[in-house]
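This report refers to the structure that appears directly beneath it.
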Amino acid sequence: MYVYNDFDEAFVRNRVAQFRGQVERRIDGSLTEDEFKPLRLMNGLYLQLHAYMLRVAVPYGTLNAVQMRQLAYIADRWDKGYGHFTTRQNIQYNWPELRDVPDMLAALADVGMHAIQTSGNTIRNVTADHFAGAAADEIEDPRAIAELLRQWSTDHPEFQFLPRKFKIAVTGATEDRAVTRAHDIGLRMVRNAAGEPGFEVIVGGGLGRTPMVGKVLRDFLPKADLLPYCEAIVSVYNLLGRRDNKYKARIKITVHENGLEKIQTLVEDRFAAIRPTFTGHDQALLAVIETAFAPPAFAVKSSDGYQAARLANPAFRSWTDTNLAAHKAPGYAIVSISIKKHGATPGDATSDQMRAMADIAERYGHNELRISHEQNVILPHVHQSDLPAVYAALRAADLATANIGLVSDIIACPGMDYCALATARSIPIAQDIATRFDALKLEHEIGPLKIKISGCINACGHHHVGHIGILGLDRAGVENYQITLGGDGTQTTTIGERAGPGFSAADIVPAIERLVTGYLDLRTDANETFLQAYRRLGMAPFKTLLYPAEDQADAA
Amino acid sequence: MSVIVTDTGFAADDWTGGFIGHAANDCGYGVDLPSDTDPATLGQLANAPMIRIDFPSSADGRGFTLANLLRRLGYTGRLRARGHVLADQYAMARRSGFDEVEITDALAARQPQNQWLARSDWQNHNYQARLRG
Ligand code: HEM
Ligand code: SF4
C-alpha cells in the first residue's frame, strides 16, 4: 500500500495549517461566507440540513487497519460514534462543529489521510475498482495510476475553480466495477496490439439530472501520456464548460453541446502543447508508487478447513455464497463485508464496527481494507482457511449479513434525513425494502439485483444505473417515488428507463415487491437474473406488474 | 485605487503604460483580457509588455488556464491577475504564471498583507513541480 513520503506528509500538514487559518479568518470576519465556501469545500466541508458534514477521502478506496481505527477514533471524539461510507469511496461525518474540523483534519494527517478536494468545483477523490490488486479478472492494479492522478490533481493550480466538479475513475479489470462510463473521465487500463500498456479514455459520462453514458475520446492512450492528456481534457473543459447555468456545467454537457469531434480536436491540440512540459519525472514517480502496490506475500496453505466449515454450518455457507468473489491468488478469496444489515442505514458503520474490521484485516487480511462504491467494506485478501474465523469475528460485530449483490444490498443517498437538497427520504425506503424482503425470505431465490435510491434529481444514489432505480421527488409537498428499470453501471452501462407514474411513500415498497416477485414468474429459470429478464422481455410485462389493471381502473 | 500584490507584499501600481482591449497589440499598452477570451487568439499577444486577465469572481477559474496557455505559448511579459482574487488563490495564480495580482482597496482592507504573504511560499509543497520536474 502507498505510504506518504515526506513531501506528501508536509503537504497535508501545511494544508491543515492553512485551513485552520481560514477557519479563524471566517470566524473573525476577514472572509465572508461566500468567500469561505469554496475554501471549505476544497477541504471537504459541506453545510447540510442540520449541521456541517465532513467528507473524508479514502483515495481509490484503500485503507489499512491503523487508518480504519483512526476513522473510528474521529467518529467517537468529534462526531456521534459512526460514519457513513458513500458511493464515491469516501466516509462522511455528519455532525462536526466548525471549530473542531481543523483538529479532525490533523488527526487524519496523522495516518496519511485528508479531506482535500472531496467537494467543490475541482477534481475530486479519484476512485478505482474496489477489488483492485485482488480480482481474478484484472490485467493490472489500477491503484498506482489512481495515486499518480491524486498527486497530479491535488492542489493543481489551474483546476481549483472549474465550471463544476470533476470525477475520475480507473479500472484495470475486464468487469467494470468502477462505473467508469458514468464519470467525467473514465480510464480503462488496456493493452494495444503490440501488448503495450495504455488506457481507453472515456469522457463525459455522468448521472445527475441529465444522465449520460461516457464516450470514448481515445481508444488507446500510451501509459506515459496519461497526465498531459488528462490535463489537456480538463484545461479545454475549464475554458469551454458553461458557467452560466450550473445544471449545464458538467463536461457531459460540454461534450454533448460541442460534439465529440470538436472536443477531440481541441484536446489533441492542447495535449500536443502540454506533452513537452512533462519530462519524465511523473513516470519515475509512478515506478516508485507501483512498487508500493506490490501484492502482499500470499500464504500457500491448505483450504480443507474451509470446505468442512461450509458443510457444517449453513449460515456460513450462505454467507460464502453471496459475500465472496474470485481472487487471483490460489486459495484466496475477496470478502465483501455488508454494511447493509436489513433495516439499518445503508453505509453507516459504528466506531466499534470499524475497529472490528480493522482487527480482522490485521489478523486475517494482510492489513488491507477497501471501501466499495456500493457502500460496503472489502477485505481484499483472505485465505480460505481463515474464512470461518473471519465470519465468526464479523458475526460478533454484527457485520455478517449475507446479502452482497442481492435485493437488500441497496445503494441509497442520505436524502431528506441529512441532505439540504433532498426532495424525499431515501434511507427509510431502503430500510423498508430490505426489511420486507428479509421477511419474505425470498432474497436468495431472487438472486443478483441492484436497487439504487436517490432522494432528488442529483442522483447521488446512482438510481439511473440501478437494475431498479428509485428517485424520490416532491409533488406538491408530497413524496413521490419514480421507478426506472434496466439500468446498468458496468461495462455495458445503460441508463434505466422510466416505468411510469410515481408511487407514494406508502405504495413504493409494495410496488417493488410486486415487481420483484412478479419477475420470479417471468424468468426462464433461476439462472436468468432480473436484468437479463428485463433485457429479454422489455418494459411491458414489468409495467403490468407495477400498474395492475384494477389499480388503473381505480385511478380512472 | 488598487493594490498590487507580489511575493513581497502590497505595493502601489507602478504600471504607467495604460491598458487597452485585446484587438490592438504591438504597442506599449498593456492588454486587458476578459475571462472568456477565446484561447485561439492568445498567440497574437506575444509582444505585449503587460497582459492583465480579469477575475470577475473568485469562483471563475478560467484566468488560471489562460495564464498557463500564454506562458506555454512563450509569452514572457508581465502577467497580472485582476479582480476578485483571494489571498488563498495567490499560490495558484503564481503557479499558473502570473507575476502579480491587482485587488481593490476594499479587498485589501478585508484581506490584509499578512494573509497574502502567508502564501508567498508558493514554490513549496508543489505537486506539479515534482511531477513535471
Ligand atoms: C448530503 C450532501 C450532499 C449534497 C449537498 C450533494 C450534492 C450533489 C449535487 C448538487 C450533485 C449534482 C452535481 C451535478 O450533476 O452537477 C451531486 C452528485 C453526486 N453526488 Fe452528491 N451530494 C451530497 C451527498 C452525497 C453522498 C452522501 C454521496 C455518496 C453516497 C454523493 C454522491 C454523488 C454522486 C456519485 C454524484 C454524481 C452524479 C453524477 O455523476 O452526476 N453525494 N451531489
Ligand atoms: S441525490 Fe439529492 S438528496 Fe440524495 S444526497 Fe444527492 S443531493 Fe442529496
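Naming convention: chains lettered A, B, ... in sequence-line order (proteins, then strands); numbering from 1 in each chain. Hydrogens, waters and symmetry mates are skipped; everything else that's a heavy atom, side chains included, is used. Just so we're clear, the structure is a prediction, and the values are computed from it rather than from any experiment.
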A side-chain contact here means heavy atoms from C-beta on lying under 4.5 Å apart; do [X] and [Y] qualify?
{"X": "His281(A)", "Y": "Leu131(B)", "answer": "no"}
{"X": "Leu69(B)", "Y": "Arg270(A)", "answer": "yes"}
{"X": "Trp152(A)", "Y": "Arg130(B)", "answer": "no"}
{"X": "Glu35(A)", "Y": "His84(B)", "answer": "yes"}
{"X": "Gln89(B)", "Y": "Phe161(A)", "answer": "yes"}

Residues Arg132(B), Asp282(A): salt bridge by 4.0 Å N-O rule: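 The answer is no: the pair does not qualify as a salt bridge.
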
Which heavy atom of Thr65(B) sits nearest a heavy atom of Ser235(A), and at what distance?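 Here Thr65(B) and Ser235(A) meet closest at CG2-OG, 3.6 Å.
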
Just checking heavy atoms, which of residues 94-106 of chain B are less than 4.5 Å from chain A?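 Arg95(B), Ser96(B) fall under the 4.5 Å cut-off.
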
Residues of residues 1-9 of chain A contacting chain B, heavy-atom criterion under 4.5 Å, by residue number: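 Result: Asn5(A), Phe7(A), Asp8(A).
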
Sequence neighbours excluded, which residues qualify as ring pair (Phe, Tyr, Trp, His ring centres under 6.0 Å) partners of Tyr237(A)?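 Only Phe166(A) meet the ring pair (Phe, Tyr, Trp, His ring centres under 6.0 Å) criterion with Tyr237(A).
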
For Phe293(A), enumerate each residue passing the ring pair (Phe, Tyr, Trp, His ring centres under 6.0 Å) test, keeping only those at least two apart in sequence or located in another chain.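 Scan of Phe293(A) (ring pair (Phe, Tyr, Trp, His ring centres under 6.0 Å), adjacent residues dropped) gives Tyr60(A).
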
Please flag which part of Arg72(B) lies under 4.5 Å from any non-hydrogen atom of chain A: side chain, backbone, both or neither.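 Arg72(B) touches chain A through side-chain heavy atoms alone.
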
Please state whether the side chain, the backbone, both or neither of Asn126(B) comes within less than 4.5 Å of a heavy atom of chain A.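 For Asn126(B), the backbone is the part near chain A, not the side chain.
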
Go through Gln160(A) and Asp88(B) one step at a time and tell me if the side-chain contact (heavy atoms from CB on, under 4.5 Å) criterion holds. CA-CA 11 Å; Gln160(A) 296 303 310; Asp88(B) 308 274; over 6 Å; no

Check whether the side chains of Gln115(B) and Ser30(A) place a donor and an acceptor atom closer than 3.5 Å, and report yes or no.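 Short answer, yes.
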
